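Proteins get letters first, then strands, A, B, ... in listed order; numbering begins at 1 in each. Source: prediction; values computed, not measured.
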There are 2 protein chains.
Amino acid sequence: MKWHDLNEDACPLARAMGVVGDRWTLLILRECFLGVRRFDGFQKRLGVTRHLLAERLKRLETMGVLERRPYQQRPLRHEYRLTPSGKSFAPVLLAMQGWAEHNLPSPTPTPFTFVTRDSGAEVDPVVIDRKSGQELTHRTVLMVPKPASDQSAADLPRTDQAEGAAVAGPKAK
Amino acid sequence: MKWHDLNEDACPLARAMGVVGDRWTLLILRECFLGVRRFDGFQKRLGVTRHLLAERLKRLETMGVLERRPYQQRPLRHEYRLTPSGKSFAPVLLAMQGWAEHNLPSPTPTPFTFVTRDSGAEVDPVVIDRKSGQELTHRTVLMVPKPASDQSAADLPRTDQAEGAAVAGPKAK
DNA sequence: ACAAGTCGGTTCTATTTTAGAACTTATTAT
DNA sequence: ATAATAAGTTCTAAAATAGAACCGACTTGT
């Protein structure tokens with residue numbers, strides 16, 4: 001399968017991989033959220049090769065996640081800023097960071113925190129369902145193939161998808 | 001920078017990239033949540049090469065995201081199941097899926113949905129702060145470098161990190 | 001004026017990853 | 001005996017990444 005094909009996949013997760021499915025892109029976005037805007041800023045902080053950085057920035061730009069805008073003439077220089085799409089990526093970063101912090105332990109402490117803009121308190125991100133307010137975890141949510149189209153669920157096990165019910169049980173703690 | 005180094009990075013997001021920072025791993029996890037457990041199941045549904053699939057499964061296993069357990073003797077065969085760590089990855093998938101669905105449009109409809117286990121209703125994932133209940137977006141949350149260690153914030157712009165304040169304004173609707 | 005420095009890249013070669021297909025081993029089904 | 005299934009492994013070719021050097025358009029220091 002080619003890289004390019006991912007962008008046209010019916011699955012949003014696959015399309016997301018077409019944008020952030022590599023070692024660097026998410027880290028570039030992290031830097032954006034930390035306020036970095038310039039080529040050399042990204043390069044120095046990440047240690048990524050300039051070649052790759054240029055390519056990734058270009059991709060993020062064409063995918064509408066970053067925008068490139070001039071910050072000076074003579075010599076003409078551009079900086080990279082999060083677009084609305086890029087800004088709305090924040091919750092993904094939050095969720096990913098939370099997962100990694102809990103499941104990929106490290107001896108060294110996390111070099112940054114997420115705080116609320118108004119109180120300045122560190123946040124503890126949780127994913128909930130907007131409508132019911134219920135927390136969404138593998139115990140409360142199920143991923144189900146859509147009946148639609150021709151071949152979505154072929155090869156999928158019939159029952160007990162997501163293997164949750166069998167494991168979860170009445171362990172509401 | 002070498003692949004391996006990411007797993008020891010102080011930043012949880014970087015460590016996460018050491019696990020899911022490629023085109024396939026997240027899609028393998030998607031299949032896990034859809035109920036797929038066997039090598040050929042993953043291979044057929046994803047179209048990934050067997051070589052790479054074997055490597056990715058091995059990595060997910062050594063990182064504690066999946067566990068490999070025998071489901072039959074003679075011939076001995078193993079299946080892959082989400083560990084608690086793997087299951088707790090669900091919110092990340094939710095957030096990523098939501099982002100991609102809103103920001104990377106596609107002509108074809110999403111081939112699956114996330115529904116609540118009890119009501120069966122489709123969910124609308126939002127990330128909130130567990131304590132305050134406040135929704136977490138780039139407007140309400142700020143990513144700040146920790147003062148700690150020696151060189152965390154060098155090269156970072158002093159003010160208006162995350163460029164939020166300037167953009168957000170009183171646009172509370 | 002001239003040399004050195006900054007910024008945002010591009011170009012180059014060497015190394016690593018990935019793609020794609022074939023092959024292996026153990027065992028059951030026909 | 002032959003074919004099929006399952007879970008890999010082993011090849012070679014193609015693609016992506018690393019690492020370092022180079023370039024153009026200025027600005028700054030002397």
### Query
Which dot-bracket notation, 5' to 3', represents the base pairing of DNA chain D when pairs are defined as Watson-Crick or G-U with both distances under 3.5 Å, crossing pairs as [ ], and inter-strand pairs as |?
||||||||||||||||||||||||||||||
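Between the P atom of C:dA21 and the CD atom of B:Q43 lies a distance of 11 Å, rounded to the nearest Å. Taking atom CG on A:L52 and atom P on C:dT17, their separation rounds to 14 Å, with Å as the unit.
In this view, A:E135 and B:R130 satisfy the salt bridge (Lys or Arg N to Asp or Glu O under 4.0 Å) rule, not counting sequence neighbours. For B:R23, there are no salt bridge (Lys or Arg N to Asp or Glu O under 4.0 Å) partners two or more places apart in sequence or in a different chain. By the ring-ring contact (aromatic ring centres under 6.0 Å, His included) test, B:F112 pairs with B:F114, sequence neighbours left out. For B:E31, the side-chain contact (heavy atoms from CB on, under 4.5 Å) partners are B:L34, B:V36, B:F42, B:R45, B:L46, not counting sequence neighbours. Take A:E8 and apply the salt bridge (Lys or Arg N to Asp or Glu O under 4.0 Å) test, not counting sequence neighbours, and it matches no residue.
B:S88 and A:N103 are linked by a side-chain donor-acceptor pair at a separation below 3.5 angstrom, with hydrogens and angles left out of the test. Defined by atom type and a distance below 3.5 Å, a donor-acceptor pair is present between the side-chain atoms of B:E101 and B:T110.
Through direct or relayed side-chain contacts under 4.5 Å between Ile, Leu, Val, Met, Phe, Trp and Tyr, A:V126 connects to A:I128, B:V126, B:I128.
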When you compare the protein's N or O atoms with those of nucleotides 6-10 of chain C, which come within less than 3.5 Å of each other, and at what distance?
residue : atom : partner : partner atom : Å
C:dC7   : O3'  : A:Y71   : OH           : 3.2
C:dC7   : O2   : A:R77   : NH2          : 2.3
C:dG8   : OP1  : A:Y71   : OH           : 2.7
C:dG8   : OP2  : A:D40   : N            : 3.4
C:dG8   : N7   : A:R50   : NH2          : 2.7
C:dG9   : OP1  : A:R68   : NH2          : 3.3
C:dG9   : OP2  : A:Y80   : OH           : 2.7
C:dG9   : N7   : A:R50   : NE           : 2.8
C:dG9   : N7   : A:R50   : NH2          : 3.0
C:dG9   : O6   : A:R50   : NE           : 3.2

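Under 4.0 angstrom from either OP1 or OP2 of C:dA19 there lies at least one side-chain N or O belonging to B:W24.
With respect to B:V141, the side-chain contact (heavy atoms from CB on, under 4.5 Å) criterion is satisfied by exactly one of A:L94, A:V115, A:T116: A:L94.
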May I have the list of side-chain donor-acceptor pairs in residues 62-69 of chain B shorter than 3.5 Å, sequence neighbours left out?
residue : atom : partner : partner atom : Å
B:T62   : OG1  : B:R59   : O            : 3.1
B:E67   : OE2  : B:R69   : NH2          : 3.2
B:R68   : NE   : B:Y80   : OH           : 3.4
B:R68   : NH2  : B:H78   : ND1          : 3.3

Let me check something: any side-chain donor-acceptor pairs from residues 50-58 of chain B under 3.5 Å, sequence neighbours excluded? List them with distances.
residue : atom : partner : partner atom : Å
B:R50   : NH1  : B:Q43   : OE1          : 3.4
B:R50   : NH2  : B:D40   : OD1          : 2.9
B:R56   : NE   : B:D22   : OD2          : 3.1

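Between A:R77 and A:E79 there is no salt bridge, since no side-chain N of the basic residue sits under 4.0 Å from a carboxylate O of the acidic one.
Within residues 6-23 of chain B, no residue approaches DNA chain D, by heavy-atom distance under 4.0 Å.
Side-chain contact between B:R117 and A:T140 is absent, with no heavy-atom pair separated by less than 4.5 Å.
The residue among A:R56 and A:Q73 whose nearest nucleotide of DNA chain D lies closer to the 5′ end is A:R56.
Put simply, chain B comes within 4.0 Å of DNA chain D, heavy atom to any atom, from D:dA6 to D:dG19, going 5' to 3'.
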